[in-house]
Each structure stands twice: as C-alpha cells, then as structure tokens.
Amino acid sequence: MPEARVVVDLDVPGATISRHLYGHFAEHLGRCIYGGFYVGEDSDIPNEGGIRLDVVEALRALDIPNLRWPGGCFADEYHWKDGIGPKPDRPSMVNTHWGNVEENNHFGTHEFMALCELLGAAPYVNGNVGSGTVREMSEWVEYLTRDGDSPVVRLRKANGRDEPWQVPFWGIGNEAWGCGGNLRAEAYADLARRYATFLKDHGDNKLYRIAAGAADDDLAWTEALLKAVSCLGCGRDPKNIFQAISFHYYTVAGTWEHKGSATDFGLDDYYRTIQKAQGIERVIKAHSALMDAYDPERRIGLVLDEWGTWWDVEPGTNPGFLYQQNAMRDALVASLHFDVFHRHSERLVMANIAQTVNVLQAMLLTDADGTLVRTPTYHVFEMNKGHHDAAALPVHVVEGRTHDLDGTPMQLVSASASVKDGRALVSLSNLDPEAALDVVLDLRGADPVDPAGRLLTASTPQTHNTAAAPDVVAPVPLAVEPEPRGLRVTLPPHSFATVSLEL
C-alpha cells in the first residue's frame with residue numbers, strides 16, 4: 001500500500017484561523033430561502049415564525065459563524081423596504097436573475113435577523129449598489145443597528161423590533177464586474193468609496209465594509225480597489241474606508257455551458273475537478289501578494305464570499321434554480337479548500353460556501369414533504385469545527401502521491417492542522433480515487449496523547465446521500481495506531497479524515 005508522511009510542528013502556532021472562514025451564503029435563488037430556510041408560519045413542517053426548525057437544528061451543529069444574504073446577483077435588484085412590515089402589504093417583485101419567478105418578499109429583513117438569531121450566526125448583509133442608492137443602503141444600516149430615534153428607527157419599532165441588532169458585515173454590492181452592474185473596475189472603486197463613506201457605525205455596532213472584488217484571479221480589479229484606498233510604495237496606511245476586498249472562485253471542471261454532472265462522471269472528470277479546486281491556492285496567493293504590496297501590515301482583509309462546486313442542474317429541475325446533488329467528490333473539494341484557507345489565514349479572513357440549502361454545493365437538501373438530507377459536504381464542515389479560531393500549525397507533506405494530468409503533476413494528499421485549548425486537530429484528505437493510503441503523522445514539538453480519528457468516505461467518489469439513503473456518506477471512527485515518528489492512519493480511496501490530539 002502506498003505511504004505518505006505528513007510532518008506537523010505542534011509547537012509552532014501561527015495565525016488564527018478565523019471561524020468566519022466557515023461562513024455560509026443564502027440567496028433568494030431556487031429553493032434556498034423558500035422551501036429551504038423558510039416554509040411560512042402555516043406550514044405543517046415544524047417552524048418558528050416560518051423558519052424551518054429541522055434546518056436550524058442541522059446547521060447549529062456546524063457552529064455557523066456568519067450567513068450572507070440576500071445575494072449574490074439578487075442583492076443588486078433587492079430593495080429592502082419591500083421586505084418589511086405586514087406580509088400582505090409587501091409588494092412583490094420579479095427575480096430576473098434566477099428563474100424569472102415572482103418573489104413575494106415574505107422573507108425579508110426581520111425574518112433574516114430571526115434566522116441568524118436562531119442559528120447563532122453573525123449577519124452578513126449584502127447591499128444593493130447595482131440598482132439601489134447610497135441613501136437606501138445607508139438607511140438599511142440605520143434601520144438595523146441604530147438605537148434612539150430617527151424616521152427609520154421609528155419604522156423598525158413600528159414593525160415590532162425596539163432594540164437594534166448587531167450587524168457587523170456589510171457587502172458593498174456583488175460582482176460589480178457582471179450581474180451587479182457590468183462596471184469597469186475604476187468606476188466601481190469610486191462607488192465603493194462613496195457607499196462606504198455613508199455606511200455609518202451606530203452605537204457599539206462597528207461595520208466591517210466589504211468591497212465587491214474580482215472573479216477568480218482578476219488582479220487588475222483588486223488593484224483598482226487597492227489604489228482607491230492606498231498607494232504603492234508610499235509607506236502610508238490604507239485609508240480606512242472599506243475593511244476588506246472580496247473575490248469569487250467556483251470549481252467548474254467543464255465549461256460554463258456544459259459543467260458536467262454532480263454524480264455521473266469518470267476518472268478524468270474527477271481529476272480535473274480536484275485540479276481546478278487546488279487552483280484556489282494559486283488565486284489566493286496572487287491576490288495576497290498584490291495586497292501585501294499596497295497593504296504590508298495586512299489591515300485590509302481578503303474575503304472569498306462565494307466558493308464551491310458548480311455542476312449542471314439535476315435533470316427535470318428548473319435550470320434557473322441551480323439545484324444539484326452533492327457527492328463524495330464535492331466533500332473532497334471542500335476539505336482541500338479548507339486546508340488552503342488555513343494556510344493563508346493571515347490574509348484570508350472570511351469565506352462563504354455557495355450555498356447553504358438546495359443550491360450549488362449545499363449543506364442540506366430539503367423537500368416540501370419534510371425530508372432533510374445532510375450532504376457529504378455538510379460532514380466536512382462538522383468534522384472541521386475544531387479549527388474555528390484555532391492557531392494554524394505548520395504542516396508539510398514530505399512524502400505523498402501525485403497524479404500526472406496533461407503533463408502537470410497534482411498532489412493527491414492534502415493536510416492542515418491547528419491547535420486550540422490544549423488540543424490539536426489534523427485534517428487529512430486522500431484525493432486518490434482508486435488507491436488507499438497509509439499516512440504517517442510525523443508529530444514534532446510535543447508528545448500528544450488520547451488520539452481520536454474520524455473518517456468520511458464512500459464506495460465511490462460518485463456516492464451521495466438521498467432521502468431514501470441519507471447516511472450512505474457519514475463519519476465513522478478511524479483507527480489511529482502509534483508509530484515511532486508519531487501516529488499512523490490508513491485512508492481509503494477518496495476519503496477525508498480528522499485526528500484530534502491532546503497536548
């Protein structure tokens with residue numbers, strides 16, 4: 001059996017892995033909100049104020065740190081005042097981006113804040129720059145976060161909420177280079193400065209303003225935003241106008257027109273998917289290097305607020321709803337993304353998988369009959385909870401396996417580790433779809449005790465959970481054996497594992 005050696009320096013804690021790297025995203029798209037999070041107060045499915053309680057229970061087990069809403073592309077056609085007040089009085093709208101369906105606005109600001117409170121998650125509100133106004137977004141901040149008295153505060157109180165909420169994260173538009181306005185980078189950079197100026201801190205609610213950044217590795221877009229608040233080589237701190245810059249990166253193995261199936265794919269498709277997912281490290285490094293030139297003290301954060309796999313929709317479903325299944329392959333895409341996030345946690349401060357329920361690489365799949373399925377990706381998030389707000393540890397794969405794809409070798413072992421409260425957590429992925437792997441954990445700097453292993457795998461990379469078989473892919477215990485250099489585990493093909501250690 002092939003062997004890999006993974007060196008972990010247990011006594012060299014590094015940057016903190018923000019829990020916000022495990023953030024989520026809920027857009028008014030397909031059945032993410034309606035039928036996913038929200039079923040209405042008259043539903044037979046147990047709910048609180050229309051919010052589906054089995055979804056809340058499942059997601060609370062992940063310790064969700066933040067939830068981004070209402071989009072996505074939808075954010076730039078959403079006008080928040082249409083989603084407050086008595087539901088019968090709320091005007092409807094057409095969701096032109098996602099299926100051209102009618103939106104009744106029954107899930108709005110108060111419902112979103114109630115959802116965040118049920119989840120214990122920090123709200124991340126994405127404002128409307130594409131079709132909105134500075135005043136509209138500024139008043140949304142005031143409505144949510146200001147105490148005392150003002151016209152919009154009185155409006156909030158009339159709608160049943162006396163006390164303001166804590167809403168730290170605010171997105172200044174979304175994908176302004178595309179669905180958010182088809183703007184040039186410099187034009188959007190000026191808008192971002194203007195909008196951010198009028199998004200005010202009220203009371204003790206301090207805003208973390210996030211400028212809408214690039215697609216993939218469009219460094220010119222990122223540089224335009226950096227030039228709007230800083231200068232190259234001038235030795236000055238960036239202007240504190242916005243606090244972070246976002247970017248988006250999706251794992252698409254095929255073309256945008258023919259992305260491929262989530263569950264019906266061959267080995268070549270599998271390897272291309274893993275290779276594209278591994279590309280996230282190159283993209284993060286590129287943005288980070290550019291940001292280091294303009295912001296060497298790393299005062300501006302990098303936010304990946306949309307990431308994940310994107311496949312063709314499931315046959316027979318609305319193509320505008322982006323409903324796809326979620327297989328063991330998707331779980332491995334998630335696991336290796338988190339390894340990369342951990343390595344770059346000095347600059348990368350937040351990430352949001354797209355999306356939480358029933359859309360793209362979802363945590364949960366639901367049906368109107370009350371069915372709820374936890375996907376393989378869900379289990380990766382749950383198994384990795386120990387990394388939240390932990391200190392990243394140096395990890396080196398010094399002996400591993402590679403696969404040659406189109407003349408380029410790709411690594412088939414992925415790993416990361418962290419330490420918090422006297423315990424270390426090591427995450428390991430065997431990305432080889434066919435061969436098992438013996439992994440030696442070469443542990444240095446401490447003598448850990450009480451190792452505990454967990455394993456997520458399946459009979460094939462295509463295996464997925466369904467309503468009829470909801471636990472085909474679910475964590476099981478993993479044997480951890482002592483070894484002269486530390487510990488040894490055996491990873492089946494296409495598997496993800498965690499090993500927890502007391503220090």
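Residues L456 and S495 form no side-chain contact, since every pair of their non-hydrogen atoms from C-beta on lies 4.5 Å or further apart. Contact of the L62 side chain with the M363 side chain is registered, since non-hydrogen atoms from C-beta on lie closer than 4.5 Å. P123 is not listed as a side-chain neighbour of L67, based on a closest heavy-atom distance of 4.5 Å or more. The closest side-chain heavy-atom distance from V12 to L393 is not below 4.5 Å. For the pair L10 and V419, the minimum side-chain heavy-atom distance is 4.5 Å or more.
Applying the ring-ring contact (aromatic ring centres under 6.0 Å, His included) rule to Y250 yields the partners W310; only residues at least two apart in sequence or on another chain are considered. For the side-chain contact (heavy atoms from CB on, under 4.5 Å) test, residues two or more places apart in sequence or in another chain that qualify with D292 are R298, R347.
The pair R272-D268 meets the salt-bridge criterion, since a charged nitrogen lies less than 4.0 angstrom from a carboxylate oxygen. Using a 4.0 Å cut-off between charged side-chain N and carboxylate O, R444 and D9 make no salt bridge. Between E483 and R485 there is a salt bridge, with a side-chain nitrogen of the basic residue lying less than 4.0 Å from a carboxylate oxygen of the acidic one. A salt bridge links R299 to D237: at least one charged side-chain nitrogen sits closer than 4.0 Å to a carboxylate oxygen. At a threshold of 4.0 Å, the pair D216-R282 does not count as salt-bridged, since none of the basic side-chain nitrogens sits closer than that to a carboxylate oxygen. A salt bridge is defined here as a Lys NZ or Arg NE, NH1 or NH2 lying under 4.0 Å from an Asp or Glu carboxylate O, and R488 with D438 meets this definition. Salt bridge annotation for D204-K206: absent, with no cationic side-chain nitrogen under 4.0 angstrom from a carboxylate oxygen.
To the nearest 0.5 Å, atom OG1 of residue T222 and atom OH of residue Y294 are 11.0 Å apart.
No donor-acceptor distance shorter than 3.5 angstrom exists from the side chain of D217 to the backbone of V283, with no hydrogens or angles considered. With hydrogens and angles disregarded, a donor-acceptor distance shorter than 3.5 Å links the side chain of T375 to the backbone of A362. Using modelled atom types, one side-chain atom of R209 and one backbone atom of L199 make a donor-acceptor pair closer than 3.5 Å. The backbone N or O of A212 sits less than 3.5 Å from a side-chain atom of W221, completing a donor-acceptor pair. For the pair D369 (side chain) and T371 (backbone), a donor-acceptor distance under 3.5 Å is present. Panel note: side chain Q361, backbone T309; a donor-acceptor pair is recorded below 3.5 Å. Remark: side-chain polar atoms of Q278 are paired, donor with acceptor, to backbone N or O of Q411 under 3.5 angstrom. With hydrogens and angles ignored, the 3.5 Å screen pairs no side-chain donor or acceptor of T16 with any backbone N or O of S18. Formation of a donor-acceptor pair under 3.5 Å by the N430 side chain with backbone atoms of A435 is found in this model.
In this structure, a donor-acceptor pair under 3.5 Å is present between the side chains of H344 and E281. Counting only N and O atoms by type, the side chains of T366 and N358 include a donor and acceptor under 3.5 Å apart. At a cut-off of 3.5 Å, with distance as the only test, a side-chain donor of W311 or D330 sits close to an acceptor on the other residue. Side chains of T377 and N326: a donor on one and an acceptor on the other come within 3.5 Å. H248 and D305 share a side-chain donor-acceptor pair at under 3.5 Å. When only modelled atom types and interatomic distance are considered, T498 and S427 share no side-chain donor-acceptor pair under 3.5 Å. Between the side chains of Y270 and Q462, no donor-acceptor pair is found at a separation under 3.5 Å. Checking R423 against S500 by side-chain atom types alone, a donor-acceptor pair falls below 3.5 Å. Between T408 and D406, the side chains place no donor N or O within less than 3.5 Å of an acceptor N or O (distance only, hydrogens not considered).
Counting heavy atoms of neighbouring residues, nucleotides and ligands inside a 6.0 Å radius, atom CG of D447 does not exceed 12 of them. When the shell of 6.0 Å around CG of D264 is examined, it contains 12 or fewer heavy atoms from other residues, nucleotides or ligands. Counting non-hydrogen atoms of neighbouring residues, nucleotides and ligands closer than 6.0 angstrom, the CD atom of E57 reaches no more than 12 such neighbours.
Between H379 and F496, the ring centre distance reaches or exceeds 6.0 Å. For F338 and Y22, the ring centers are positioned less than 6.0 Å apart. Ring centers of W307 and H337: under 6.0 Å apart, within the cut-off.
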How far apart are the C-alpha atoms of H388 and I17, what are their side-chain angles, what is the distance that settles it, and do they pass the side chain to side chain contact (heavy atoms under 4.5 Å, CB included) test? CA-CA 6 Å; H388 293 195; I17 298 168; over 6 Å; no
Could you walk me through whether Y124 and H20 pass the ring-ring contact (aromatic ring centres under 6.0 Å, His included) test, one step at a time? CA-CA 11 Å; Y124 173 6; H20 292 295; 9.6 Å; no
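Considering H28, H24, E27 as possible partners of W69, the one that fulfils the side-chain hydrogen bond (donor to acceptor under 3.5 Å, both in side chains) test is H28.
In this structure, R52 forms no cation-pi arrangement with F37, as its terminal cationic atom is not both closer than 6.0 Å to the ring centre and no more than 45° off the ring axis. For R68 and F25, the positive end sits near the middle of the six-membered ring, less than 6.0 Å away and at most 45° from its axis.
Pairs engaging residues 464-474 under the side-chain hydrogen bond (donor to acceptor under 3.5 Å, both in side chains) rule: none recorded [sequence neighbours left out].
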